[in-house]
Amino acid sequence: MTKTALITGITGQDGAYLAQLLLGKGYKVSGILPRRSTDTLWRLRELGIERDVTLIDGDVTDLSGLLRALQASQAREVYNLAAQSFVGTSWQQPLLTAQNTGVGCANVLESIRLTDPTIRFYQASTSELFGLIQAERQDEKTPFYPRSPYGVAKLYAHWMTINYRESYNMHASTGILFNHESPLRGVEFVTRKVTDAVARIKLGHQKELRLGNIDAKRDWGFAGDYVDAMWRMLQQDKSDDYVVATGITTTVREMCRIAFSHVGLNYEDHVVIDPQFYRPAEVDVLLGNPAKAERLLGWKASTTLEQLITMMVDADMRRVSKG
């Protein structure tokens with residue numbers, strides 16, 4: 001029988017890469033498509049899979065639409081990747097973030113419980129759960145201390161997934177994914193903001209890049225690697241929670257150096273520190289310990305930060321060159 005999967009957030013970075021992965025494994029892939037005014041399908045087009053997935057109108061904030069999507073897709077695996085996922089915006093839109101990122105997950109879980117509790121479920125948790133870190137390296141047992149409305153909403157979704165797993169014996173797993181980037185990342189995120197600016201500066205379209213705290217440290221990996229970990233979680237006999245990370249932390253400053261030097265520029269000549277980009281509550285360091293995922297899932301990050309950033313710069317050079 002053909003395997004079937006439903007992805008919420010299929011038009012996002014992770015959703016597009018996950019859809020590509022599942023299609024390559026012979027899945028029939030459906031995705032929930034909220035109706036928005038902007039072009040949301042560009043990532044699927046860029047990967048060449050727009051015509052290979054079935055898009056179903058719906059939204060994670062609408063339980064009735066989720067029930068219809070489960071019926072239409074006949075999905076045996078559901079991946080909840082939908083969220084208001086930009087940390088900075090969550091301070092400006094905390095209630096929207098709570099509904100979309102937090103309650104949206106509960107809606108998906110409840111739709112599965114009402115339709116068929118044997119459907120396997122994946123929840124996209126985040127390293128932002130750790131926030132004000134309580135351990136030098138964060139693993140599945142590290143206490144959470146979120147520092148943004150986004151992190152708090154994700155914490156609710158994380159614990160709801162565990163609650164449904166324990167209350168209804170559902171196969172519901174969470175992936176506590178540390179920062180993962182790609183050429184498909186939105187330009188509002190710092191890595192893509194940097195690589196897009198590098199391309200524009202190199203090609204003469206702008207002169208400077210304004211950033212906030214460039215000494216913040218993050219554990220950055222490639223989104224294409226991380227979606228494989230998501231899939232592996234739902235192939236296990238038992239559901240569980242997993243940290244997915246590279247195990248290496250790097251400053252925003254060093255990431256800028258890599259990006260600018262790839263095109264022969266010095267980041268110090270172009271990066272301007274702008275206080276408006278500082279967050280009300282900063283997360284200074286994130287460093288994941290992926291030992292459990294390596295041991296139980298057989299997963300390990302295979303793309304270095306240098307490979308990732310140069311891949312992103314090259315993609316943005318092509319985009320900017322084409323206008």
Side-chain angles (χ1 to χ4, degrees), residues 14 83 85-88 90-91 101 123-159 161-162 173-182 185 189-191 194 211-223 225-230 232-233 240-259 267 271 273 277-309:
D14 293 5
S85 58
F86 186 48
V87 175
S90 73
W91 274 285
T101 304
Q123 167 60 20
S125 289
T126 170
S127 57
E128 291 287 329
L129 297 178
F130 297 116
L132 187 62
I133 57 172
Q134 306 296 296
E136 183 178 348
R137 297 187 75 196
Q138 298 89 56
D139 61 21
E140 295 80 7
K141 295 182 179 179
T142 303
F144 298 130
Y145 197 135
R147 298 268 282 172
S148 66
Y150 168 74
V152 173
K154 279 288 191 179
L155 184 61
Y156 172 83
H158 180 84
W159 279 110
T161 302
I162 294 171
S173 291
T174 69
I176 306 172
L177 271 59
F178 280 64
N179 296 68
H180 46 289
E181 319 297 321
S182 77
R185 194 55 140 157
F189 292 88
V190 68
T191 47
V194 169
L211 295 173
N213 179 16
I214 65 172
D215 291 314
K217 292 182 177 181
R218 293 293 182 269
D219 183 331
W220 278 300
F222 173 45
D225 292 342
Y226 284 34
V227 296
D228 179 58
M230 301 176 188
R232 289 172 184 251
M233 290 177 209
D240 209 340
D241 310 307
Y242 298 90
V243 163
V244 179
T246 68
I248 300 170
T249 192
T250 311
T251 62
V252 175
R253 183 187 300 273
E254 175 62 12
M255 184 265 291
C256 289
R257 186 198 64 77
I258 294 168
Y267 82 94
V271 173
I273 304 303
F277 293 112
Y278 279 83
R279 294 173 177 175
E282 183 61 83
V283 175
D284 295 315
V285 183
L286 289 173
L287 172 60
N289 179 1
K292 181 178 177 180
E294 292 177 6
R295 184 176 73 255
L296 298 182
L297 302 179
W299 178 89
K300 191 170 185 177
S302 60
T303 306
T304 67
L305 179 62
E306 289 78 6
Q307 291 170 331
L308 170 63
I309 296 303

Q: What are the two closest heavy atoms between Lys154 and Ala83, and how far apart are they?
A: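 Smallest interatomic distance, heavy atoms only, reads NZ-CB, 4.1 Å.
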Q: Within the 4.5 Å heavy-atom criterion, are Ile133 and Leu287 side-chain neighbours or not?
A: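 Of all side-chain heavy-atom pairs linking Leu287 with Ile133, none is under 4.5 Å.
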Q: If you compare all heavy atoms of Met233 against all heavy atoms of Thr174, which two are closest, and at what distance to 0.1 Å?
A: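 Here Met233 and Thr174 meet closest at SD-O, 3.8 Å.
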Q: Report the distance from atom OG1 of Thr246 to atom CZ of Arg218, rounding to the nearest 0.5 Å.
A: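 The distance works out to 13.0 Å.
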Q: Looking at every heavy atom in both Gln123 and Ala157, which two are closest together, and how far apart are they?
A: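 Looking at all heavy atoms of both residues, the shortest contact is NE2-CB, 3.5 Å.
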Q: Supply the atom-to-atom distance Glu136 CD to Asn289 CG, rounded to the nearest 0.5 angstrom.
A: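 So the CD of Glu136 and the CG of Asn289 are separated by 11.0 Å.
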Q: Decide side chain to side chain contact (heavy atoms under 4.5 Å, CB included) for Leu305 and Ile258; before the verdict, give the C-alpha distance in whole Å, the side-chain angles of both, and the deciding distance to 0.1 Å.
A: CA-CA 9 Å; Leu305 179 62; Ile258 294 168; 4.1 Å; yes
Q: Whether the side chain of Glu128 engages the backbone of Pro146 through a donor-acceptor N/O pair (distance < 3.5 Å, no angle test) should be reported.
A: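 No: the side chain of Glu128 does not pair with the backbone of Pro146.
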Q: Taking C-beta and beyond as the side chain, do Thr303 and Tyr226 meet within less than 4.5 Å on heavy atoms?
A: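 No; the side chains remain at least 4.5 Å from each other.
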Q: Rounded to the nearest 0.5 Å, what separates atom CG in Asp215 from atom CD1 in Ile273?
A: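 CD1 of Ile273 is found 7.5 Å from CG of Asp215.
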Q: Of all heavy-atom pairs between Thr250 and Trp220, which one has the smallest distance, and what is that distance?
A: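 What the structure gives for the nearest pair is O-CZ3, 3.3 Å.
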Q: Kindly indicate whether the side chain of Gln138, heavy atoms from C-beta on, has any atom under 4.5 Å from the side chain of Val243.
A: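 They are not in side-chain contact.
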Q: Give a yes or no answer on whether the side chain of Asp225 reaches the backbone of Ser302 with a donor-acceptor pair at less than 3.5 Å.
A: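 Yes; judged by distance alone, with no hydrogens or angles, the pair exists.
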Q: Does any N or O in the side chain of Glu294 come within less than 3.5 Å of the main-chain N or O of Trp299, such that one atom is a donor and the other an acceptor?
A: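 A pair under 3.5 Å: no.
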Q: Using only atom types and a distance under 3.5 Å, with no angle test, would you say the side chain of Ser182 pairs donor to acceptor with the backbone of Phe222?
A: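 A pair under 3.5 Å: no.
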Q: Looking at Asp219 and Gly288, would you say the former's side chain and the latter's main chain have a donor-acceptor pair under 3.5 Å?
A: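 Looks like yes, one N/O pair under 3.5 Å.
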Q: Start with the C-alpha distance between Asp139 and Lys292, add both sets of side-chain angles, then the distance that settles side chain to side chain contact (heavy atoms under 4.5 Å, CB included), and finish with yes or no.
A: CA-CA 8 Å; Asp139 61 21; Lys292 181 178 177 180; over 6 Å; no
Q: Please enumerate all residues that pass ring-ring contact (aromatic ring centres under 6.0 Å, His included) together with Tyr150, with sequence neighbours excluded.
A: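 Partners of Tyr150 under the ring-ring contact (aromatic ring centres under 6.0 Å, His included) test: none.
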Q: Might you point out which heavy atoms bring Ser127 and Leu286 nearest each other, and give the distance in Å?
A: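 So the two residues come closest at OG-CD1, 3.5 Å.
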Q: So how far is it from Asp284 CG to Asn213 CG, rounded to the nearest 0.5 Å?
A: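 One finds 6.5 Å between CG of Asp284 and CG of Asn213.
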Q: Would you please name every residue forming a side-chain contact (heavy atoms from CB on, under 4.5 Å) with Thr251, sequence neighbours left out?
A: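 With sequence neighbours excluded, Thr251 shows a side-chain contact (heavy atoms from CB on, under 4.5 Å) to Lys217, Arg253, Glu254, given in chain and number order.
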Q: Do any N or O atoms from the side chain of Lys300 and from the backbone of Pro290 form a donor-acceptor pair under 3.5 angstrom?
A: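 Pair absent, no side-chain N/O of Lys300 close to backbone of Pro290.
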Q: So, for Leu177 and Met230, which heavy atoms are closest and what is the spacing to 0.1 Å?
A: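 Result for this residue pair: CD2-CE, 3.6 Å.
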Q: Any side-chain heavy atom of Thr101 within less than 4.5 Å of one from Ser90?
A: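 Not in contact.
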Q: In terms of relative ring orientation, are Trp159 and Phe144 parallel, tilted or perpendicular, with 30° and 60° separating the classes?
A: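 Perpendicular: the ring planes of Trp159 and Phe144 meet at over 60°.
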Q: Give, for atom OG1 of Thr126 and atom CZ of Phe178, the distance between the pair rounded to the nearest 0.5 Å.
A: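 One finds 8.5 Å between OG1 of Thr126 and CZ of Phe178.
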Q: Should Thr191 and Glu181 be marked as a side-chain hydrogen bond (donor to acceptor under 3.5 Å, both in side chains) after you check the CA-CA gap, both sets of side-chain angles, and the distance that decides it?
A: CA-CA 7 Å; Thr191 47; Glu181 319 297 321; 2.5 Å; yes
Q: Can you tell me how far OG of Ser125 sits from CD1 of Ile162, rounded to the nearest 0.5 angstrom?
A: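 The CD1 atom of Ile162 sits 7.5 Å away from the OG atom of Ser125.
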Q: Phe130 versus Ile176: any side-chain heavy-atom pair under 4.5 Å?
A: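 Side-chain contact under 4.5 Å: yes.
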